[in-house]
Colleague: 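Would you mind keeping the following structure in view while I ask a few things?
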Amino acid sequence: MSDLEEPTHFVKKIIQSDLDANKIQRVKTRFPPEPNGYLHIGHAKSICLNFGLANTFAGECNLRFDDTNPEKEDSEFVRAIIEDVQWLGFKWDGEICYASDYFSKLYEWAQHLISVGKAFVCELSMEEMRLYRGTLTKKGTASPYRNRCPEESLSLLEKMKKGQIDEGAMTLRAKIDMGSSNINLRDPVIYRIKNLKHQRTGAKWKIYPSYDFAHGQGDALEGITHSICTLEFQANRPLYDWFISNLPVPSKPKQYEFGRLNINYLVLSKRKLKKLVDDRVVDGWDDPRMPTIRGLRRRGVSARAIRDFCDSLAIAKTDGIVDISQLEHFIRDDLNQHAFRAMCVINPIRLFLHNYDPAKVEILQIPRHPNKTELGFRSVPFSSMLLIDRNDFTEDSSLSRKKFKRLVLGDYVRLRGGYVVKAIGVDKNSKGDIEQINGEIVEDTVGQEPPEGCKPRGVIHWVSEVHSVNCTIHQYDRLFNTALPEEGSQPFVDYINPESLVVKKDCKAEAGLADASIGEYYQFEREGYFCLDSVLGSQSNLVFNCTIGLKEKSSKYS
RNA sequence: UGGGGCGUAGCCAAGUGGUUAAGGCAACGGGUUUUGAUCCCGUCAUUCGUAGGUUCGACUCCUACCGCCCCAGCCA
């Protein structure tokens, strides 16, 4: 019984049994985005599934753009999607594929269907077609054009293709079954006229195939064995199969559906994400609060964390809502292992050490990672004039040691990686605000236990005032203040958390952070995980995004 | 409402006639700790949507009922 056993799920089982039964020699999957928006974490689940399957079964995975609707698509999205897939750490097999590569073949196949009496050109308007289609409970009625002879349909289709027919005036429909209880089978439209330039084929085509007519055939042409999509396509599967069995396709792929990813406190639909961008609720598709791949990346979430999270997800037929804490767990888990440690004081107040030579500067060597000293040490200057966080000091000595593990007037605290110090007094201004804490070090306590009787209450972070570097910190909170923003009585934008971004200026970071670079991950000890913002940040203007805070005991004093 | 799916803990789930009903997240206790982090240990479903039935034995099979999701784009 090994605990290293790979988790299995129904798609893996199907593939394994197809392999065992010799139905296929090799698995081939595909990730088929429509280039009409940016990828988000929901897509990442599909990417990890498809590429992951190819990887675990030593098969192949294609990247194919489902570009059948020029109305919504753009080459900018193609570029961005390619970049995101690569950043996530995946490499597709062979060349990138496009549904538009198959337009000619699809056209031939449309002609084939007409020839064998299984498709016809219909002149019903959109409105009429809706009426003829029937309803969930009422069967549809046949289009008056349904029995038009193949020759006529063929020549009409030719005219549609050449742009001789007005948009909306005609469509090509598969002739299946207007009485089917599955509405998708009631003579679905397979070609529509769109007098639009396509991002790849330009003005060559005036007609474009529908998703249903393009997807399965694209799979067949690429030799996809297992075409995995989300649950909402279950009703399309009979149609998928119908085309595969009625067309002279080179292979017979099968469609399988799994539950798409939902996460609470987040919204994962291109349409809604676009609204956030268009309404300027966020700063763009790569705003660190966005669940897009680019947003997460800019926020400081690594590709590995996203992959680990996706791999932890169930591939099942239930449509559940994953708790965001599960995502956060994998983000912290990865960062904890890989982020270098550093110190940064977010709400600085001076701590002046009266028994430390003002002219002296010690360069302390502190591990980059406390649990991995093999990663080396960093140099942190120590002097008599320090800065600590205002929240790490109190004059209230009645607080118990368990309740307040920081600096208290008259008591001791350990400065992380440095001396144990004691607070001996405060300087206040006329309003009574503390302007400086006065303290003193306990000699010989760097890297050593303090003498008997001296018990630091805890460990706090600090920086040397003159050596510190100024920085700005962007702290994020969840974008929505309700778990299911799409299910409230109000439009989802009404649930936006107005404090999802808090900018803290004039924070003081340890000297070494002057060399912070984009793409590097840091843990600011006792605060959280941070990264240099890839858009606003630079070495001359340090802007750090808080990827996520450290986990805190609920009993923590705040 | 016709059709197609799905209901196992607060969340995600494994489980396919006999197991003490996996695992992860969350939560809660305790230990370690120069990060209130990490790490470690422990607790957390007498019960599988409900009600019947079959069976020596049911989360697994049958029946009925209930609930949720998807489909009536010339979107994907």
Side-chain angles (χ1 to χ4, degrees), chain A residues 3 5 7-9 32-34 36 66 68-69 71-72 122 124-126 129-131 133-140 167-173 180-186 188-194 207-208 210-212 214-215 229-238 257 259 261-264 270 312-330 332-333 336-337 341 343 366 369-371 402-406 413-418 420 445-449 456 458-461 523-528 549-557:
Chain A
D3 15 346
E5 232 171 79
T8 191
H9 52 69
E34 183 190 10
N36 67 344
D66 228 329
T68 56
N69 185 0
E71 203 171 317
K72 304 180 172 182
C122 183
L124 250 26
S125 68
M126 216 185 282
M129 203 182 290
R130 188 165 59 78
L131 263 19
R133 186 153 36 225
T135 67
L136 294 178
T137 48
K138 274 201 292 286
K139 293 178 185 248
E167 221 170 286
M170 291 184 191
T171 56
L172 180 68
R173 295 225 259 163
S180 175
S181 50
N182 182 343
I183 296 178
N184 294 291
L185 261 23
R186 319 238 261 232
V189 168
I190 63 176
Y191 260 105
R192 62 311 203 190
I193 301 169
K194 277 183 192 287
I207 57 174
Y208 294 92
S210 65
Y211 162 83
D212 290 300
H215 202 98
C229 61
T230 43
L231 255 26
E232 65 270 27
F233 290 98
Q234 283 175 130
N236 298 57
R237 187 175 356 113
E257 313 86 12
L261 175 63
N262 293 296
I263 303 178
N264 57 18
K270 281 186 197 169
S312 82
L313 264 15
I315 304 302
K317 283 179 173 290
T318 41
D319 35 15
I321 300 162
V322 173
D323 196 292
I324 194 161
S325 67
Q326 191 166 336
L327 204 212
E328 293 173 339
H329 165 79
F330 285 96
R332 287 199 184 95
D333 190 48
N336 174 50
Q337 295 178 58
R341 310 288 128 125
M343 291 190 283
I366 304 179
H369 190 121
N371 309 332
K402 192 168 165 66
K403 185 107 180 161
F404 195 80
K405 304 166 81 163
R406 315 179 194 185
V413 81
R414 161 77 67 179
L415 294 177
R416 177 62 157 164
V420 170
T445 49
V446 175
Q448 296 186 58
E449 291 306 310
V459 182
I460 64 171
H461 59 285
Q523 182 197 99
F524 292 170
E525 291 195 273
R526 302 212 311 131
E527 292 290 357
L550 253 30
K551 214 173 157 188
E552 290 177 3
K553 277 236 170 86
S554 49
S555 60
K556 182 177 171 178
Y557 173 94

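Quantities reported herein were computed from a predicted structural model and do not represent experimental measurements. Convention: sequence-line order gives letters A, B, ...; per-chain numbering from 1.
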Colleague: For A:T230, which contact category applies under a 4.0 Å heavy-atom criterion: base, sugar-phosphate, or nothing?
Modeller: nothing
Colleague: Pick the P atom in B:C69 and in B:U8, then give their distance to the nearest Å.
Modeller: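 Straight-line distance between the two P atoms is 15 Å.
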Colleague: Name the nucleic acid region contacted by A:N236, choosing base, sugar-phosphate or nothing; use a 4.0 angstrom heavy-atom cut-off, strictly under.
Modeller: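 Contact class for A:N236: base.
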Colleague: Taking B:A9 as the reference, what is the distance to B:U47 when you measure between their C1' atoms (whole Å, please)?
Modeller: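 Pairwise C1' distance, B:U47 against B:A9, rounds to 10 Å.
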Colleague: Distance between the P atoms of B:G2 and B:A26, in whole angstroms?
Modeller: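 Looking at atom P only, B:G2 and B:A26 are 44 Å apart.
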Colleague: Looking for any heavy atom pair under 4.0 Å, which part of the strands does A:P370 touch: base, sugar-phosphate only, or nothing?
Modeller: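 Here A:P370 touches the bases of the nucleic acid.
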Colleague: Within the 4.0 Å heavy-atom criterion, would you say A:N182 contacts the bases, only the backbone, or no part of the nucleic acid?
Modeller: nothing
Colleague: Over all strands shown, is A:K270 touching base, sugar-phosphate only, or nothing at heavy-atom distances under 4.0 angstrom?
Modeller: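 Result for A:K270 = nothing.
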Colleague: State, to 0.1 Å, how close A:D66 and A:H215 come at their nearest heavy-atom pair, and which atoms those are.
Modeller: OD2-ND1, 2.6 Å
Colleague: So, does A:R414 use its side chain to make a donor-acceptor pair with the main chain of A:T445 at under 3.5 Å?
Modeller: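 Between the backbone of A:T445 and the side chain of A:R414 there is a qualifying donor-acceptor contact (under 3.5 Å).
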Colleague: Just compare B:C75, B:U38, B:U35 and give me whichever is closest to any side-chain atom of A:N371.
Modeller: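 In terms of side-chain proximity for A:N371, the closest of B:C75, B:U38, B:U35 is B:U38.
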Colleague: Closest approach to the side chain of A:A316, judged atom by atom: which nucleotide of B:C74, B:A14, B:A37 is it?
Modeller: B:A14
Colleague: Rounded to the Å, how far apart are A:D212 CG and B:C70 C1'?
Modeller: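 Taking CG of A:D212 and C1' of B:C70, I get 14 Å after rounding.
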Colleague: If you measure from OG on A:S325 to CG on A:N264, what distance do you get to the nearest 0.5 Å?
Modeller: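 That separation rounds to 7.5 Å.
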Colleague: Which value, in whole Å, describes the distance between the P atoms of nucleotides B:C71 and B:G24?
Modeller: 36 Å
Colleague: Hey, does A:R416 reach any base, or is it just sugar-phosphate, or nothing, if we go heavy atoms under 4.0 Å?
Modeller: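 Base contact - A:R416 has a heavy atom under 4.0 Å of at least one base atom.
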Colleague: Taking 4.0 Å as the cut-off, does a side-chain nitrogen or oxygen of A:R526 come that near to OP1 or OP2 on B:G36?
Modeller: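 Answer yes for this pair, as a side-chain N or O of A:R526 is under 4.0 Å from OP1 or OP2.
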Colleague: Which is more 5' along RNA chain B, the nucleotide nearest A:P33 or the one nearest A:Q448? Just name the residue.
Modeller: A:Q448
Colleague: Checking all strands, does A:F233 fall into the base, sugar-phosphate, or nothing category for heavy-atom contacts under 4.0 angstrom?
Modeller: base
Colleague: Say we look at B:G57 and B:U19: how far apart would their P atoms be, to the nearest angstrom?
Modeller: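 Looking at atom P only, B:G57 and B:U19 are 14 Å apart.
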Colleague: Say you pick atom C1' in B:A76 and the same atom in B:U50; how far apart are they, in whole Å?
Modeller: 38 Å
Colleague: Give A:T171 one of three labels, base, sugar-phosphate or nothing, depending on what nucleic acid heavy atoms sit under 4.0 Å from its own.
Modeller: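 The residue A:T171 makes base contact.
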Colleague: Tell me which nucleotide among B:A76, B:G36, B:G15 gets nearest to the side chain of A:E34.
Modeller: B:A76
Colleague: B:U38 P sits how many Å from A:E525 CD, rounded?
Modeller: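 After rounding, the reported distance stands at 13 Å.
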Colleague: Which of the following nucleotides, B:C25, B:U35, B:C75, is nearest to the side chain of A:S325?
Modeller: B:C25
Colleague: Looking at B:G73, I'd like to know if its phosphate oxygens (OP1 or OP2) sit under 4.0 Å from a side-chain N or O belonging to A:R133.
Modeller: yes
Colleague: Within the 4.0 Å heavy-atom criterion, would you say A:V446 contacts the bases, only the backbone, or no part of the nucleic acid?
Modeller: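 Answer is base: heavy atoms of A:V446 come under 4.0 Å of a base.
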Colleague: Can you check the distance between B:A72 and B:A13, where both ends of the measurement are the P atom (answer in whole Å)?
Modeller: 25 Å
Colleague: Remember a base hit wins even if backbone is also touched, and classify A:Q523 as base, sugar-phosphate or nothing at under 4.0 Å, heavy atoms.
Modeller: base
Colleague: From C-beta outward on A:T68, which listed nucleotide comes closest to its side chain: B:C71, B:C69, B:A76?
Modeller: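 Per side-chain heavy atoms of A:T68, the pick is B:A76.
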Colleague: Can you tell me if A:T318 touches the phosphate of B:A13, counting only side-chain N or O atoms and a distance under 4.0 Å to OP1 or OP2?
Modeller: yes
Colleague: Starting from P on B:U35, measure out to NZ on A:K551 and report it in whole angstrom.
Modeller: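 About 17 Å, once rounded to whole Å.
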Colleague: Under 4.0 angstrom, heavy atoms only, what part of the nucleic acid is A:G447 near: base, sugar-phosphate, or nothing?
Modeller: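 Since a base atom lies under 4.0 Å of A:G447, the category is base.
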Colleague: Counting only side-chain heavy atoms from C-beta out, which of B:C74, B:G36, B:C75 sits nearest to A:V189?
Modeller: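 Comparing B:C74, B:G36, B:C75 against the side chain of A:V189, the answer is B:C74.
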Colleague: Measuring from A:N69:CG to A:K194:NZ, what's the distance to the nearest 0.5 Å?
Modeller: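 Here the rounded value is 4.5 Å.
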Colleague: In whole Å, measure the gap between the C1' atoms of B:C70 and B:U54 for me.
Modeller: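 Going atom to atom, C1' in each nucleotide, I get 34 Å.
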Colleague: Students often get this wrong, so: under 4.0 angstrom with heavy atoms, is A:K317 touching a base, only sugar-phosphate, or nothing?
Modeller: sugar-phosphate
Colleague: Enter the distance from A:D212:CG to A:R237:CZ here, rounded to the nearest 0.5 Å.
Modeller: 13.0 Å
Colleague: With RNA chain B as reference, determine whether A:I183 or A:H215 sits nearer its 5' end, using the nearest nucleotide of each.
Modeller: A:I183
Colleague: Answer yes or no: is there a side-chain heavy-atom contact under 4.5 Å between A:L550 and A:Q523?
Modeller: yes
Colleague: In whole angstrom, give the distance that lies between atom CZ of A:R130 and atom P of B:C75.
Modeller: 15 Å
Colleague: Where does B:G73 land, syn or anti, once you apply the within-90°-of-0 test for syn?
Modeller: syn
Colleague: What distance separates A:T171 OG1 from A:L124 CG, expressed to the nearest 0.5 Å?
Modeller: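 That separation rounds to 8.0 Å.
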Colleague: As a test of reading the structure: which of B:G2, B:G4, B:A76 is closest to the side chain of A:Q234, going by heavy atoms?
Modeller: B:G4
Colleague: Measuring from the side chain of A:E449 (C-beta onward, heavy atoms only), which nucleotide among B:A13, B:C11, B:U34 has the closest atom?
Modeller: B:U34
Colleague: What distance do A:Q234 atom CD and A:E257 atom CD have between them, rounded to the nearest 0.5 Å?
Modeller: 4.5 Å
Colleague: Take the protein atom NE2 of A:H329 and the nucleotide atom P of B:A27, then report the distance between them rounded to whole Å.
Modeller: 12 Å
Colleague: Would you please confirm or rule out a distance under 4.0 Å between OP1 or OP2 of B:C75 and any side-chain N or O of A:R192?
Modeller: yes
Colleague: What is the distance from CG of A:L415 to P of B:U35, rounded to the nearest Å?
Modeller: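 My rounded result for the distance is 13 Å.
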Colleague: Describe the nucleic acid contact of A:L136 in one word from base, sugar-phosphate, nothing, applying a heavy-atom distance below 4.0 Å.
Modeller: base
Colleague: Dot-bracket for RNA chain B, please, read 5' to 3', with Watson-Crick or G-U wobble pairs under 3.5 Å on both distances, ( ) within the strand, [ ] crossing, | other strand, . unpaired.
Modeller: .(((((((.[[[..)..(....]]].(((((.......))))).....[[[[[..)....]]]]])))))).....
Colleague: Of all the choices, B:A13, B:A76, B:A37, which nucleotide is nearest to the side chain of A:K553 once you look at every atom?
Modeller: B:A37
Colleague: Whether the side chain of A:R406 and the base of B:G36 hold a donor-acceptor pair under 3.5 Å is what I'd like checked.
Modeller: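 Indeed there is one.
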Colleague: Could you check whether A:M129 gets within reach of a base, just the sugar-phosphate, or nothing at all, counting any heavy atom under 4.0 Å?
Modeller: base
Colleague: With rounding to the nearest 0.5 Å, note down the distance linking CG in A:D319 to CG in A:L261.
Modeller: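 Rounded to the nearest 0.5 Å, the CG-CG separation comes out at 11.5 Å.
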Colleague: Quickly work out the A:K138 NZ to B:G2 P distance and round it to whole Å.
Modeller: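 Atom NZ in A:K138 sits about 13 Å away from atom P in B:G2.
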Colleague: Rounded to whole Å, please give me the gap between CG in A:N262 and P in B:C68.
Modeller: 17 Å
Colleague: Are the side chain of A:R186 and the backbone N or O of A:S180 linked by a donor-acceptor pair below 3.5 Å?
Modeller: yes
Colleague: For the residue pair A:G458 and A:V413, what are the closest heavy atoms and their distance?
Modeller: O-CG2, 3.3 Å
Colleague: Is the backbone of A:E167 close enough, under 3.5 Å, to the side chain of A:R192 for a donor and an acceptor to pair up by distance?
Modeller: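 Such a contact is absent between A:R192 side chain and A:E167 backbone.
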